[in-house]
Each structure stands twice: as structure tokens, then as C-alpha cells.
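Both backbone and side-chain heavy atoms feed into the values below; hydrogens, waters and symmetry mates do not.
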Amino acid sequence: MAEANMTRNFSHFLTKRQIMVVAAVILILLVAIAFQLNSLPSGAVSAESGANENATEPPVRPLAVNVVGVRQVDSFQQTREFTGTIRARKRSDLGFELGGRIEEVNVDEGQSVQQGQTLATLDTQTLQANREAVAASLEQAKAQLAELKSGPRDQTKESAAALAAAADSQLQSAIRNFERRKTLYESGAISREEYDQAFYGVKTAENNFESAKQQYDELKIGTRKEKIVAQNSLVRQLEASLKEVNVSLQKANLVAPFDGVITRRYLDPGSIAGSGMPIVKLVEQSHLEAWIGLPIHVASKIAIGEKRTLKIEGQEYESIVQAKIGEIDQTQTQTVVFDIVQRAEAPIVSGQVCTVEIGSTVECRGYWVPLRSLNQGVRGLWSVMVVEDSDEGYVVAKSDVVIVITQGDRCLVRGTIVEGDKIIADGVHRVAVGQPVTPLEIQNESQEASK
């Protein structure tokens with residue numbers, strides 16, 4: 001009995017399993033059929049029913065595309081833009097050569113000044129006092145020099161002669177007195193002291209007479225040349241001192257050395273300015289220059305006197321290459337100085353930024369193609385569509401390229417294209433590889449621009 005029940009249950013179990021397997025297989029078949037139907041093109045399901053109608057339609061014409069021929073180039077002209085600054089040819093921090101207290105500052109920032117205009121002054125009271133003292137000493141020395149040159153007056157000579165005669169009389173009187181005293185001393189009538197007084201009286205009279213006689217002789221001969229030379233030297237020395245004071249007075253006035261504009265004012269009246277300390281900054285505006293740093297290989301191809309066009313604030317200005325600084329700066333460039341031709345309708349000022357475009361030849365092989373002929377690929381690669389001739393007509397093929405440089409609406413490429421290939425110039429998104437096309441050749445403007 002138990003064995004019979006086990007046999008029925010096992011038979012029932014096999015039947016249900018078989019049913020599940022059959023159902024799974026049917027479901028898989030249905031999914032596969034649905035997938036195949038979805039993958040077919042639109043209208044393919046009814047292709048068999050409409051076969052007679054399609055047979056009567058005309059064949060599809062190949063798509064017309066614009067193509068350009070490419071030609072290899074060995075080099076190209078590259079234009080680079082370099083930036084510099086506008087600088088005044090003359091610019092100076094002006095200060096007094098001598099220190100002192102600033103009395104006046106006559107200009108403000110932004111004010112235009114003319115050459116020779118007084119900008120500031122120092123307090124000159126001490127200098128004025130020194131000048132008066134030196135001038136008085138000079139007048140006295142000149143008067144003494146004139147007196148020495150003209151010699152003594154007659155009245156002076158007569159007075160000297162009278163003094164010499166008086167001194168001689170005194171000497172003779174002293175000699176006679178001494179002779180008497182000597183006799184008396186020898187007889188014992190006077191003492192030794194009285195004798196010595198008479199003796200020294202003669203000596204004193206002799207000295208007085210010699211002095212008066214020498215002075216009279218000098219007046220008769222005239223002033224010695226040595227005295228005139230010494231006095232003349234003193235006069236020149238005082239004249240130099242007076243000139244030095246006058247120069248110091250002139251330097252107490254700070255004047256503009258050239259026409260320009262005051263861009264900075266460092267000190268005000270009452271300040272104590274040291275020697276050489278800047279008071280104002282003066283910048284020339286009538287003559288401006290552009291200082292632009294260029295690489296050595298670029299600067300070497302620019303000649304002095306060459307004309308160049310500069311751009312400043314979107315405006316173009318003519319310029320002439322004036323100089324090339326003979327050293328390399330910290331940016332490893334050589335500074336080229338451009339003399340700018342000013343324009344009244346578009347004035348410029350020092351400190352503005354300027355640019356100059358300079359072309360150079362770059363050795364590089366490649367092909368110029370229109371920018372719109374490129375298709376972007378992966379990993380930085382690009383491609384162009386090439387029209388190839390086949391047995392069934394013209395079809396589209398793809399060539400991979402690498403962009404070397406882009407200039408405007410064209411670019412220089414290298415890759416699998418070769419000279420003579422005809423590439424699709426535009427509308428590359430409308431074609432696919434292997435698609436039949438009708439090429440319409442147009443001029444390669446990118447190739448013409450490279451000539």
C-alpha cells in the first residue's frame with residue numbers, strides 16, 4: 001500500500017515538472033521573436049507585402065558634397081602677439097641738490113608744466129646772509145687791490161719823508177748827548193747807569209731812523225709786485241665764494257628740466273628735504289615709447305628703423321623700431337623700444353598696455369584644411385571625410401589626423417591623408433563611411449591663404 005502511494009506521487013511530480021519546462025521554453029521563444037521584430041528597420045515587416053511597389057520607385061541619387069583638394073606644405077607663417085607697456089622717454093624724480101626746509105611747492109599732481117618753470121623753493125635766509133658777508137669782503141679786498149696798484153699818494157710820501165727827517169734829527173741829538181755823557185763818565189762825574197741810558201738812547205734813535213727811512217724808501221719805489229699778486233688772489237677767492245653762494249641760491253629753486261606732467265608729489269611746504277630727496281615726479285607726455293620684451297630669435301629679425309603697427313586699447317598706432325636693449329632681462333627676453341607716432345584723436349599716456357603682432361616662419365609639414373571639415377574623435381584625435389573613387393562611383397572614407405595649429409577658420413593637420421586627397425569641406429555630419437556621394441570640387445581657401 002505504501003509503495004503504491006509513492007508511485008502515484010512520483011508520477012504526479014514528473015508531470016508538473018514537465019509542464020514547467022515546456023512553459024519556460026515557450027516564454028524564451030516568444031522573447032526571441034519579439035527582439036527580432038524590434039531590431040528590424042521600420043517598414044521591414046511589410047517589405048514582402050510592398051515588394052511590388054518598391055520595385056517601381058526610382059533609385060536613390062548619391063548625396064552631393066563639397067570637396068577640396070589638399071596639398072602638402074613644408075612650413076607656415078605664424079603670427080604671435082607680444083605685450084609691453086607705454087613709457088615716457090623722459091621721467092625723473094626731481095629733488096634739491098642741497099638740503100633744507102621747503103618753503104613752497106608750486107605744483108600739484110596731474111598739472112602740466114613747461115621747461116624752466118619753478119616747481120618748488122627752499123628757505124634761503126642763511127644763504128642770503130652768507131652772500132652779503134662775502135660780497136662785503138670782496139668789495140674791501142678790491143679797494144685794497146686798487147690802492148696797491150695805484151701806489152701811495154704824494155701826501156703820504158711827504159709825510160713819510162718828514163718822519164724820516166725827524167727820526168734823523170733825533171738820532172743826531174742822541175749821538176751828541178751820548179758823547180757828552182761819555183766824557184762825563186770818564187771823568188767820574190756821572191754814574192754808569194746814566195752812561196748806559198745815553199748809549200741805549202742812541203740805539204733806539206738809530207732803529208727809529210732806519211724804520212722811517214725804509215718806509216719812505218718803499219713809498220718812493222712803490223708797492224711791491226708780491227703784495228699785488230697776493231691781494232689779487234684774495235679777490236679771486238672771494239669772487240669764487242660769492243659765485244658759489246649765488247649757485248646755491250639758484251639751486252634753492254627746483255625747476256622743470258623738460259615739458260611734462262607732475263605724476264607724484266612727495267613732500268609739502270615745511271618739510272625738511274635732504275640732499276637728493278625727491279620732491280615731485282615729472283613725466284614727459286609729448287614723446288612716448290613702447291617697451292616690449294621679445295624672444296631672442298624674434299628680436300634678432302627686427303631691424304632698427306623698421307615700421308610696426310601697435311595696438312593700444314583697441315586702437316592702432318604707427319611706430320618705428322628705435323632701439324634694442326643690449327641685455328636679457330629676468331624673463332629671458334630682449335626689450336625692443338618702439339617710437340610711437342601720437343594721434344590727436346586718440347591720445348595715450350604712460351603706463352598703458354600695448355601689443356604688437358610679429359610673424360615668423362615655422363618649419364612643419366602638413367595640410368591646410370577647413371576647420372568645419374573636422375570630426376572630433378576620442379583621446380584627442382580628429383578625422384576628416386575623404387571621397388574615394390570606387391567601381392560603383394564615389395564613396396566616403398575616413399582618415400585620422402592630428403591638429404598642428406589652428407588659424408582662424410582653417411587648421412594645419414598631419415595624419416593618414418596624402419597630397420591630392422579630396423576631403424569633404426563641410427556638412428560632415430550628414431555622411432557616413434561607405435556612403436555614395438557626388439563630389440563638387442570647390443577652391444581650398446585654406447590652402448590659398450597659406451601661400
Side-chain angles (χ1 to χ4, degrees), residues 86-153 156 222-289 349-351:
I86 304 300
R87 300 178 61 179
R89 183 181 62 176
K90 297 178 182 179
R91 54 194 183 279
S92 299
D93 282 332
L94 303 178
F96 294 103
E97 187 173 335
L98 303 175
R101 185 179 64 83
I102 300 176
E103 185 173 356
E104 290 183 357
V105 179
N106 304 320
V107 291
D108 293 321
E109 294 178 353
Q111 181 177 341
S112 297
V113 298
Q114 302 296 322
Q115 181 179 2
Q117 180 177 340
T118 300
L119 308 179
T121 57
L122 289 176
D123 180 15
T124 59
Q125 294 182 10
T126 303
L127 290 175
Q128 291 288 357
N130 291 339
R131 186 183 185 282
E132 293 177 0
V134 173
S137 298
L138 178 60
E139 290 181 1
Q140 181 181 1
K142 285 183 176 180
Q144 292 176 354
L145 177 62
E147 182 178 356
L148 292 175
K149 287 182 177 180
S150 61
R153 294 177 298 176
T156 304
T223 306
R224 296 176 60 182
K225 293 182 179 180
E226 293 80 357
K227 288 187 176 182
I228 296 177
V229 171
Q231 190 67 24
N232 198 17
S233 299
L234 178 60
V235 170
R236 290 199 303 269
Q237 180 180 355
L238 292 173
E239 287 177 343
S241 298
L242 182 61
K243 184 177 180 180
E244 181 180 0
V245 175
N246 289 333
V247 171
S248 298
L249 286 171
Q250 292 178 357
K251 291 182 178 180
N253 295 321
L254 184 63
V255 299
F258 52 85
D259 297 347
V261 175
I262 302 298
T263 59
R264 290 290 303 275
R265 174 171 163 171
Y266 299 105
L267 297 177
D268 295 320
S271 302
I272 302 300
S275 177
M277 183 180 295
I279 308 301
V280 294
K281 183 173 185 177
L282 179 62
V283 176
E284 184 184 36
Q285 292 294 324
S286 60
H287 197 121
L288 298 177
E289 300 170 339
V349 296
S350 177

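Not a single donor-acceptor pair under 3.5 Å links the side chain of Q117 to the backbone N or O of A256. R131 contributes no side-chain N or O that, together with a main-chain N or O of N246, makes up a donor-acceptor pair within less than 3.5 Å. Checking side-chain atoms of Q231 against main-chain N and O of A141 turns up a donor-acceptor pair under 3.5 Å. Distance alone, capped at 3.5 Å, is enough to place a donor-acceptor pair between the D259 side chain and the Q115 backbone. Judged purely by atom type and a 3.5 angstrom limit, S137 has no side-chain atom pairing as donor or acceptor with the backbone of V134.
Across every non-hydrogen atom of V107 and V113, the tightest pair is CG1-CG1, 3.8 Å. Taking both residues in full, the closest heavy atoms of L122 and L98 are given as CD1-O, 3.4 Å, listed atom of the first, atom of the second, then distance. Here the closest non-hydrogen pair linking A88 and S350 is N-OG, 3.7 Å.
Contact check for N106 versus L119: no side-chain heavy atoms found under the 4.5 Å cut-off. Side-chain contact between S286 and F258 is absent, with no heavy atoms from C-beta onward closer than 4.5 Å. Side-chain contact between L254 and T121 is absent, with no heavy-atom pair separated by less than 4.5 Å.
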Going through the checks in order, is the side chain to side chain contact (heavy atoms under 4.5 Å, CB included) test met by V105 and L267? CA-CA 8 Å; V105 179; L267 297 177; 5.9 Å; no

Derivation and outcome, side chain to side chain contact (heavy atoms under 4.5 Å, CB included), residues L282 and V261: CA-CA 6 Å; L282 179 62; V261 175; 5.7 Å; no

Carefully, step by step, assess E103 and Q125 under the rule side chain to side chain contact (heavy atoms under 4.5 Å, CB included). CA-CA 11 Å; E103 185 173 356; Q125 294 182 10; over 6 Å; no

Before you tell me yes or no, could you show the steps for S271 and Y266 under side chain to side chain contact (heavy atoms under 4.5 Å, CB included), namely the whole-Å CA-CA distance, both residues' side-chain angles and the distance that decides it to 0.1 Å? CA-CA 10 Å; S271 302; Y266 299 105; over 6 Å; no

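In this structure, N253 CG and T124 OG1 are separated by 8.0 Å, a value rounded to the nearest 0.5 Å. The CD atom of E104 lies 11.0 Å from the CG atom of D123; values are rounded to the nearest 0.5 Å. We find the CE-CD1 distance between M277 and I272 to be 9.5 Å, quoted to the nearest 0.5 Å. Separating the NZ atom in K243 from the CG atom in L138 is a distance of 13.5 Å, to the nearest 0.5 Å. Of the inter-residue distances, the one linking E109 atom CD with R265 atom CZ reads 8.0 Å to the nearest 0.5 angstrom. Note that the CD1 atom of I86 and the CD atom of E289 stand 9.5 Å from one another [nearest 0.5 Å].
Within a 6.0 Å sphere centred on CD of E244, heavy atoms belonging to other residues, nucleotides or ligands number 12 at most. Shown here is E97, whose CD atom has no more than 12 heavy atoms of other residues, nucleotides or ligands within 6.0 Å.
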